Amino acid sequence: MTEHHGAKVAQALALALASALETEGMSVAALSRLSGVSRLTISNVLEGRVWPDLLTVASLERALDRDLWPGRNV
């Protein structure tokens, strides 16, 4: 069975988020404060428990000053 494209996008976004946090040396709590996204939501995205909505992605991208959305070619 082929994996759902949405799941691939969510996984790629979670990897991009984890990489950004590591590169910046930023904690989930610090990102939460900067983005206005709850720590629980960020943790759930990182662990693949939830697929973030567009407002969440936009808030995280703005706080990190980088793109997280992987695009359609995932």
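In this text, all values refer to a predicted model and were calculated from it rather than measured experimentally.
- In this structure, CG in L68 is found 14.0 Å from CZ in R62, a value given to the nearest 0.5 Å.
- Dense packing is recorded around CG of D53, with more than 12 heavy atoms of other residues, nucleotides or ligands lying under 6.0 Å away.
- Remark: the T41 side chain and the N44 side chain contain no N/O donor-acceptor pair separated by less than 3.5 Å.
- Closest non-hydrogen pair, E3 versus Q11, comes out as OE2-NE2, 3.0 Å.
- Taking all atoms of both residues into account, the shortest heavy-atom contact from P70 to V74 is CB-CG2, 3.3 Å.
- The minimum heavy-atom distance linking A20 with R66 is given by the pair CB-CD, 3.4 Å.
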Notebook entry, point to check: Yes or no on side-chain contact (heavy atoms from CB on, under 4.5 Å) for I42 and L17, after CA distance, side-chain angles and deciding distance?
Noted result: CA-CA 9 Å; I42 296 169; L17 177 56; 4.2 Å; yes
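- Put simply, OG on S27 and CZ on R39 are 9.0 Å apart, with the number rounded to the nearest 0.5 Å.
- Shortest non-hydrogen contact noted between L34 and M26 is CD1-CE, 3.7 Å.
- W51 and W69 are members of different hydrophobic clusters when ILVMFWY side chains are connected at heavy-atom separations under 4.5 Å.
- In this structure, OG1 on T23 lies 10.0 Å from CG on L64, to the nearest 0.5 angstrom.
- Side chain of T56 to backbone of P52: no donor-acceptor contact under 3.5 angstrom is found.
- In the displayed structure, E47 atom CD is contacted under 6.0 Å by more than 12 heavy atoms of other residues, nucleotides or ligands.
- Shortest non-hydrogen contact noted between L46 and A14 is CD2-O, 3.8 Å.
- Judged by distance alone, with hydrogens and angles left aside, the side-chain atoms of S59 form no donor-acceptor pair with the main-chain N or O of V37 at under 3.5 Å.
- The OG atom of S35 lies 11.5 Å from the CD atom of E61; values are rounded to the nearest 0.5 Å.
- Distance alone, capped at 3.5 Å, places no donor-acceptor pair between the S19 side chain and the L15 backbone.
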